[in-house]
Amino acid sequence: MDSELPIGERILDGQGPVLAELLELVGEAVTVRDRQDRFAYANRAALQNLGFASIEELQAHPDGSLLDRFVVYDEGGKEMGRSMFPAPRAAAGETQLPPTVIQVVDRRTGESRWEQVQVTLLRDRVGRVAATVTVAADVTAVKNAEIHTRVLSETGRILSSSLDYQQTLRNVAWAAVPALADWCLVELAGEPDDRRDQVVVAHRNPRLRDLAGQLAELEPDEPGEHSASSRVIDTGDSALLYEVDEADLERIARGPGQLRVLRELGIRSAIVVPMRIRDRTLGAISFYTSDSLRRLTQPDLELAEQLGRRAAVAVENSRLHTMLAEVAETLAQSLMPSPLPALHGWEIAALYQPAVVDERVEVGGDFYEVFDAGPAPLALIGDVTGHGVAAATLTGLMRHGARFSGRLEPTPEAVLRHLDEELRERPSNAMCTALCATIHKRRLVLASAGHPAALHVAADGSVTEVPAPGPMLGAFEDSAWQAETLAVRPGELVLLYTDGVTETASASGERYGVGRLRQFLSAHAGSAPQPLLDALDAALDLFRGGEPTDDIAALALTPRLH
C-alpha cells in the first residue's frame, strides 16, 4: 500500500486509509489512553482543543499540568476534579458510563466550550482493558441555545411570581446567576441628582456573596459620572467588556471603596445593560464572571439585553403595585374610625373590620362616626357603594359632612338631608345607606336612609327593629326622612350595624343573615357593649372561617345605671 498518496486517492484506488488517518478527518476530539492511563493517541481536533501541536508534545505534559490550563465544570456549574472525568473513572473499573456533558474553560483566555464526552473500553484477547477511547463532541452552540432559552423561560416565571418590590429586585438579580454570569448587580436610577436608590447583589459563590454585597454599602453619595453603570443609565446603551483590566475596574467602580472590592472579586469579564421601558431607563444590570474564569461574549450580551428589558417591565409593574398598595394602605388608615368619645349616661363600643383582599386591607365603604353635636351626641353608621378610592372619597365626605351638618342642624333627619344633597351634587351616581341617631338620656332618636334597622335587645332577650327605612342617600331628588324615638332602659342594648355583618358568608356560601344575628343578640341579652361585640366578632370569624371579604362596622349602646 502506497502510504505517500493522499487519503482520498488511496480510498479511490481501493487501498483504504488506516484507522488513525480516518480519525484525523472527524470533527470530534478523539483520544486514546493505554493501561497506565497515559495518552497513546490524539487526533487533530483533540490536540487543537488541548493546545498542543503533536502527540509527542502532549505526552510530555503530565495530566496535572493540563488542569493548570483548563477548568472543567459539570452541567450544574460545579467544578470537576480529574477523578470525576469519564476516562479516569473508566480506567478505575467503572463500566456503565453514559455520555457526559461538561464545560471546559481555558484559564488563560476565558474561552469556554461545551463537550459531550463518551468513553469506550478496548479489551485484549483475555478481556482485560487495554485502552480507553474518549470521543468529545463540541455541543457549544446547542448547549448555549438551550441555556439561553431556559434562562429566558425561568426569568419570565420568577419575574412574574411576585409584585413585591424588594422581592422583584432580588428575582432580577438572581435571574441569570449562575447560568449567564457568576454574579449580578442591579442598580435603580434615582432622582435627577444621579443618586441610585437601590443596589441588589447576587453571587453564585456563598463565600464571595458577602464581599459582593459590600458594593451596596459602599455606594457613594455622588457616583462618578464616568462609571460604566452611570453611562449605561444615562445613554441607554449596553457595554461589553470581554477582558476586564485595571482601567476597566476604575471605570466600573462608583468610588474608591467599590474599586477595592471589585479588585478582590477578581472580575474576568463584564456586561452592563439598561433596564429600559418605553423611553425611560429605570436602572442598569451588571453581569460579571470571576471565579468561573469564563469570558462573556456577544451572544451573552444579546441575552443580557433581553433580560434587561424583561426586568424593566417587572420592576415597573412592582413599583406601580407597591405605590398603589401604599396609597391604599395610607388611605385605609386615614379612614379608620375616630376613637369613640365618652358619652354621659351611656356605655358604647364599636366593631370595625375592613375587608382583606390578597392579604392586604381593601379600602371599603363601611364607616361610623360618633361625635358631640351640641344638644346631644350624634352617631352615624353607613355604607357607601363600591370599593377603592371612589368609596374612600365618599366615606370621607359622609363622615366629615355629618360633623359639619350636625352642628348646623343636630337632628337625624336634617343630617341625612344635608348628606343627600352633597351626594346628588356629585357628577357620578354616588349613593350611600346610613342610619343616624341622636343620643339622649335613656332614649335614641333615629332615622334611616335605606340602611339596616337598629336592633333593640330587651332584658328578656326579645329583639325589635327600629326605625322604618327611608330612601337611600343620593338616589332621589324629593327624598324625605322621618325620625323615630326609641326608649332604652338600663340592661337593654341597641345595635347599629352595616350589612357586612349579615352578609358574612361561610365556606359553602351561606349568609349569616338577620335571623342568626337576632338569635345571637337574644342569647347575649344583658351583655355589656364591648363583651357583646367581641363575642359577635368571634362568631362571625368562626362562621366564615377566614378573613372578612366585606367591611364590617357595628356600634353597641346601653344606658348606664347611674
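Note that the numbering runs from 1 along the sequence shown for the chain. Every heavy atom of this structure was used, including side-chain atoms; hydrogens, water molecules and symmetry mates were not.
A donor-acceptor contact closer than 3.5 angstrom is absent between the side chains of Thr498 and Asp383. A donor and an acceptor atom, one from each side chain of Gln214 and Asp210, are nowhere located under 3.5 Å apart. The closest side-chain donor-acceptor pair between Gln306 and Arg309, if any, does not fall under 3.5 angstrom. Checked by atom type, the side-chain pair Thr297/Asp300 shows a donor-acceptor distance below 3.5 Å.
Within 6.0 Å of atom CZ in Arg209, more than 12 heavy atoms from other residues, nucleotides or ligands are found, so the atom counts as buried in its surroundings. Summarising the local packing, CD of Glu154 is surrounded by more than 12 heavy atoms from other residues, nucleotides or ligands at distances under 6.0 Å.
The backbone N or O of Leu152 sits less than 3.5 Å from a side-chain atom of Arg310, completing a donor-acceptor pair. Side-chain atoms of Asp106 do not come within 3.5 Å of backbone N or O of Glu111 as any donor-acceptor pair. The backbone N or O of Thr140 sits nowhere less than 3.5 Å from a side-chain atom of Arg113 that would complete a donor-acceptor pair. Side-chain atoms of Arg35 do not come within 3.5 Å of backbone N or O of Arg128 as any donor-acceptor pair. At least one donor-acceptor pair under 3.5 Å links the side chain of Thr100 to the backbone N or O of Pro98. A donor-acceptor pair under 3.5 Å is formed between the side chain of Thr235 and the backbone N or O of Arg231. Formation of a donor-acceptor pair under 3.5 Å by the Arg268 side chain with backbone atoms of Leu293 is found in this model. Under the 3.5 Å distance criterion, the side-chain polar atoms of Asp124 are left unmatched by any main-chain donor or acceptor of Ala130. A distance-only check finds no donor-acceptor pair linking the side chain of Asp366 to the backbone of Gln353 [under 3.5 Å]. Remark: side-chain polar atoms of Gln116 are not paired, donor with acceptor, to backbone N or O of Ala137 under 3.5 angstrom.
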Between Asp37 and Arg82, does a salt bridge (charged side-chain N to carboxylate O under 4.0 Å, His left out) hold up when you go through it step by step? CA-CA 12 Å; Asp37 198 28; Arg82 186 179 184 281; 2.6 Å; yes

Yes or no on side-chain contact (heavy atoms from CB on, under 4.5 Å) for Arg260 and Glu264, after CA distance, side-chain angles and deciding distance? CA-CA 6 Å; Arg260 174 185 56 80; Glu264 293 183 46; 3.0 Å; yes

Apply the test salt bridge (charged side-chain N to carboxylate O under 4.0 Å, His left out) to residues Asp34 and Arg38: give CA-CA distance (whole Å), side-chain angles for both, the deciding distance (0.1 Å), then the verdict. CA-CA 6 Å; Asp34 59 19; Arg38 297 172 302 193; 3.3 Å; yes

side-chain contact (heavy atoms from CB on, under 4.5 Å) between Glu75 and Lys143, worked out: CA-CA 10 Å; Glu75 281 193 283; Lys143 191 64 181 176; 2.4 Å; yes

Evaluate the side-chain contact (heavy atoms from CB on, under 4.5 Å) criterion for residues Val384 and Phe367: first the C-alpha distance (whole Å), next the side-chain angles of each, then the deciding distance (0.1 Å), finally the verdict. CA-CA 8 Å; Val384 302; Phe367 65 92; 4.0 Å; yes

Given side-chain contact (heavy atoms from CB on, under 4.5 Å), test Thr504 with Asp550 step by step and report yes or no. CA-CA 7 Å; Thr504 295; Asp550 194 9; over 6 Å; no

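Of the charged side-chain nitrogens involved, none lies within less than 4.0 Å of a carboxylate oxygen, so that Asp291 and Arg207 do not count as a salt-bridged pair. A salt bridge links Arg294 with Asp182: at least one charged nitrogen is closer than 4.0 Å to a carboxylate oxygen.
Here the closest heavy-atom approach between residue Trp174 and residue His203 is recorded as CH2-O, 3.1 Å. Of all non-hydrogen atoms in Gln103 and Ser112, the two that sit nearest each other are NE2-OG, 3.7 Å. The minimum heavy-atom distance between Gly236 and Arg276, with the atom names listed, is CA-NH1, 4.4 Å. Taking all atoms of both residues into account, the shortest heavy-atom contact from Thr134 to Ala87 is OG1-CB, 3.7 Å. Scanning both residues, Ser269 and Leu296, for their nearest heavy atoms gives OG-N, 3.0 Å. In terms of heavy-atom proximity, Leu97 sits nearest to Gln118 at O-NE2, 3.5 Å.
Between Arg33 and Phe39, some side-chain heavy-atom pair lies under the 4.5 Å cut-off. By the 4.5 Å heavy-atom criterion applied to side chains, Glu146 and Thr149 are not counted as neighbours. In this structure the side chain of Val244 never reaches within 4.5 angstrom of the side chain of Tyr288, judged on heavy atoms. When side chains are defined from C-beta on, Leu301 counts as touching Ser238, because their heavy atoms get closer than 4.5 Å.
Between Arg108 atom CZ and Asp68 atom CG the span is 11.0 Å, to the nearest 0.5 Å. Here the CD atom belonging to Glu246 is positioned 10.0 Å from the CG atom belonging to Leu262, to the nearest 0.5 angstrom. Summarising the geometry, atom CG belonging to Asp248 is positioned 9.5 Å from atom CD1 belonging to Ile267; distances are rounded to the nearest 0.5 Å. Note that CG of Leu307 and CG of Leu180 are 6.5 Å apart. Values are rounded to the nearest 0.5 Å. Taking CZ of Arg319 as the start and CG of Asn317 as the end, the distance is 11.5 Å to the nearest 0.5 Å. From Glu187, atom CD reaches atom CG of Leu185 across 5.0 Å, with rounding to the nearest 0.5 Å.
A cation-pi contact links Arg69 to Phe52, judged by a cut-off of 6.0 Å to the six-membered ring centre and 45° from its axis. Because its NZ or CZ atom is not both nearer than 6.0 Å to the ring centre of Phe70 and within 45° of the ring axis, Arg107 does not count as a cation-pi partner of that residue.
Ring geometry for Tyr368 versus Tyr352: interplanar angle over 60°, hence perpendicular rather than tilted (30 to 60°).
With Val186 as reference, Ile285 is the one residue of Ile285, Val315, Asn171, Thr168 to meet the side-chain contact (heavy atoms from CB on, under 4.5 Å) rule.
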